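Scroll down for the structure; my scribbles are underneath it.
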Amino acid sequence: MAIITKEKTTARAAPLSDKSLIGWLRLNLFNSVFNTILTVVTVYIIYITVEGLLVWGVIDAVWIADTRRACFAISLDGACWAGVVSWLDNIFYGRYPREELWRINLGGLLLVIWMAPLWLPRVKAKVTIGLTTVFLYPFLAGYLFAGGDKGLFMQIMISGAILCLVGNTLHAFIGVFTGKGLPEFLIALLGKKAAPEKSQRNILLGILAVCFAVVYMLQMGASFETVSWTKWGGLFLTLVISGIGIASALPGGIILALGRRSKLPIIRVLSTAFIELFRSVPLITVLFMATTMFPLFMPEGFVLNKLTQVIIAVCLFNACYMAETVRAGLQAIPQGQYEGAHTIGLGYWGTMGFIIMPQALKHMIPNIVGSFIGLLKDTTLVSIIGLFDILGMLRSISRDAPWLGLHKEPLVFGAMLFFLICFAMSKYSRRLEVKLSTDHKH
Amino acid sequence: MPDLNTQKTQSTAQQLASAASSEVIIDLDKVNKWYGNFHVLKDIDLAVHKGERIVVCGPSGSGKSTLIRCINHLEEHQEGNIIVDGITLDKNLKHIDHIRTEVGMVFQSFNLFPHLSILENLTLGPIWVRKMPKAEAEANAMMYLERVKIPEQADKYPGQLSGGQQQRVAIARSLCMNPKIMLFDEPTSALDPEMIKEVLDVMVELADTGMTMIVVTHEMGFAKTIADRVIFMDDGDIVEENEPNAFFNNPQHERTKLFLSQIL
Ligand SMILES: Nc1ncnc2c1ncn2[C@@H]1O[C@H](COP(=O)(O)OP(=O)(O)OP(=O)(O)O)[C@@H](O)[C@H]1O
Ligand SMILES: [Mg+2]
């Protein structure tokens, strides 16, 4: 039997919601006596640390001075940022000749221009753009940074890279404004839309060949002064090493991971042994091995400079870690996807390239970015074997006569710089993950 | 007893075959398969004629899926011969790839590619395996989407479709490869009742076009409509095969009777 009350229910206050600030505070920080005490104590601790930091780093800090002594004269307890400021060029570029710094900046700018289309809407063939970044840009940048004589191979790669950069940029512009790709646009421009596919392709190849020849001629005249790798340093060197490491880690990792899952026993055993060997040794050991043992294995008269050895070591090391990330990603793909791919006649490479890898990579994005961040930080280990990367530079400030003994400020500055870069990367990976998972609504 | 039975069914099969074309397109000869020590397929003999429609039924674990998965070499058999479209299945990868382009397959769990749009799901095979120009492949794909009655879904992703729609896309995906044979492994068992019909309708239409089909299913109504021959498997054996009327109304074998009494 139902009981029906006729009276109106009286109004009462809304239940505490965690939407409003006060509601949130009361729910999360002051919901019991114990929690209230805890909150008060925590706030006090935060206050004294932050206040100390603020006073040291900002209020009492010295920004402009010529020596550490001059800093002390102005303020005894404040940070002496003047040392960091006067070393900024060294921190960013190492001992790279000052009049050649534009080459590094240009290299960075070109990378931005090269990769920007990846984030622009309506641009087609983004995978190709990504691949050219990995396989062509390094040659262009490498020559820009190192300079010297160009061999035939370098000339070809540099011309290819320049051509690709120009093509990319045009392609991106056309994409943004018309939604078409560059090839499609050229064909329409020439009025050959109706021509059969084969002759269209021939026209495009012809244009490509002519452009390549022109670029090749043009670049022959240009050459840069050699800058020895021993002069490379600072954040620039850190980014070069970790950049190459990042660019090669993914392809290398994919190859090793596929090798480890191969049906052929030799390939499987070799890949597994290689991966496990590198994973069971710390990076610093690998670096020492690379610089001391590696030359012993090389044929007589074949000398690699220390930087190249270090880069090879970093690449191999990271490829092995990436291989395990990729393998985990591959394991998350259900067997049915392989079977679906097989039933439409795709072979091993087709199945992997079109079906399995794209899905696996998507699952792996957070892990991949995680290992990139790790790689960037690990790269500072090269300062131990005598390369002046950013950490090496920050530490040599304290050995510079005017700034003798200035340890704290450079390291704090380095920490903030790393935090900024790494934080931005991980934030971006979060966004990417959310975007990809809402894109296709699985 | 079983021997006599097999002989009888084989002669029926030959009579039935005359209804379809006389060309044998799938020929299984004393096929045996083991999972470890477990004998899944025992001396399977089966000849399928071009245009013939075969329904396979039997209790769970009897080896139905394994049987049809051997035909496009998703599973490997260990003894005996399987000849599909004149090609003997062996370790040669070229043969396997070729046979897979000629044999379409539809799974219980659809196995669409979630990262590709419906249209891309349908054109991937034709473009990369059949080397068809993109425009032609897309027109072709739209034609098959019309046939399974969901052309308006072309630009969506599999995750945005209902189960029945996904299964129809899966059928269209196989058809886009223009296969000579279609295999179906319980295509409707993962679907809600109201979606089963839409998928079965598409399959009936497909049967009307003269496609060679082998269908593992427990939809007996469907079997009666389209099957030229019903095969009953139990414990890795083909226990009984007959044309649908005789099979359902006058089963010969005790195990068949028991099975039919359970599902009808
Ligand atoms: N990969 C495998 N490894 C070991 N045993 C397997 C494997 N796949 C299937 N089996 C076994 O083989 C037998 C036949 O399996 P199959 O999938 O062919 O049966 P089915 O007739 O299709 O059954 P269902 O109606 O449940 O789908 C089952 O007993 C199953 O447990
Ligand atoms: Mg089954």
Side-chain angles (χ1 to χ4, degrees), chain A residues 124-127 179-181 183-184 187-188 193-201 204 262-264 329-330 332-365 432-433 435-442, chain B residues 65 68-69 71-75 91 93-94 96-117 120-131 133-136 156-161 169-170 172-179 181-185:
Chain A
K124 289 181 173 177
K126 289 192 175 167
V127 176
K180 282 186 191 152
E184 212 182 326
I187 290 293
K193 243 183 182 157
E197 219 162 295
K198 207 166 181 180
S199 73
Q200 285 190 5
R201 198 165 54 222
L204 289 175
S262 166
K263 287 209 183 84
L264 302 175
L330 288 176
I333 307 298
Q335 189 62 25
Q337 290 292 308
Y338 292 88
E339 293 177 356
H342 290 330
T343 55
I344 56 167
L346 290 175
Y348 177 79
W349 294 110
T351 305
M352 283 298 166
F354 293 123
I355 309 300
I356 307 301
M357 273 302 164
Q359 294 185 61
L361 287 176
K362 213 149 88 180
H363 289 303
M364 285 160 11
I365 283 175
L432 205 59
E433 209 183 322
K435 179 168 176 290
L436 286 175
S437 65
T438 48
D439 252 9
H440 297 168
K441 196 181 144 216
H442 292 309
Chain B
S65 299
I68 67 167
R69 289 159 62 87
I71 292 173
N72 65 352
H73 206 266
L74 285 181
E75 301 285 353
K91 289 220 166 1
L93 285 180
K94 279 224 179 76
I96 296 172
D97 282 345
H98 177 78
I99 284 174
R100 282 179 181 161
T101 60
E102 303 297 345
V103 180
M105 182 155 184
V106 175
F107 302 87
Q108 181 177 351
S109 51
F110 325 139
N111 294 345
L112 294 176
F113 310 129
H115 62 301
L116 300 179
S117 73
E120 288 165 340
N121 263 277
L122 265 60
T123 54
L124 187 68
I127 291 177
W128 292 99
V129 180
R130 291 262 192 239
K131 311 279 180 230
K134 193 169 172 222
E136 190 185 334
K156 289 201 184 153
Y157 285 84
Q160 299 166 308
L161 267 53
V169 171
R173 179 176 72 180
S174 283
L175 292 179
C176 278
M177 290 297 288
N178 201 10
I181 302 159
M182 286 285 285
L183 308 174
F184 294 83
D185 191 359

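Everything quoted here is computed from the prediction, not taken from an experiment. Only this structure's heavy atoms are used, side chains among them; waters, hydrogens and symmetry mates stay out. Letters A, B, ... mirror the listed sequences (proteins, then strands); counts begin at 1.
In terms of heavy atoms, His115(B) sits closest to Phe354(A) at NE2-O, 2.8 Å.
For Asp97(B) (side chain) and Gly347(A) (main-chain N/O), no donor-acceptor pair under 3.5 Å exists by modelled atom type.
Atom CG of residue Leu346(A) and atom CZ of residue Phe113(B) lie 6.5 Å apart, to the nearest 0.5 angstrom. In this structure, Ile344(A) CD1 and Asn111(B) CG are separated by 11.5 Å, a value rounded to the nearest 0.5 Å. From Leu116(B), atom CG reaches atom CD of Gln359(A) across 7.5 Å, with rounding to the nearest 0.5 Å. Rounded to the nearest 0.5 angstrom, Met105(B) CE and His342(A) NE2 are separated by 12.0 Å. Note that the CG atom of Leu74(B) and the OG1 atom of Thr343(A) stand 7.0 Å from one another [nearest 0.5 Å].
Taking a 6.0 Å sphere around NZ of Lys134(B), one finds it holds 12 or fewer heavy atoms contributed by other residues, nucleotides or ligands.
Only the side chain of Arg69(B) has a heavy atom closer than 4.5 Å to any heavy atom of chain A. For Leu112(B), the part lying under 4.5 angstrom from a heavy atom of chain A is the backbone only.
Ranked by heavy-atom pairs under 4.5 Å with chain A, the list Val103(B), Asn72(B), Thr101(B), Leu124(B) is led by Leu124(B).
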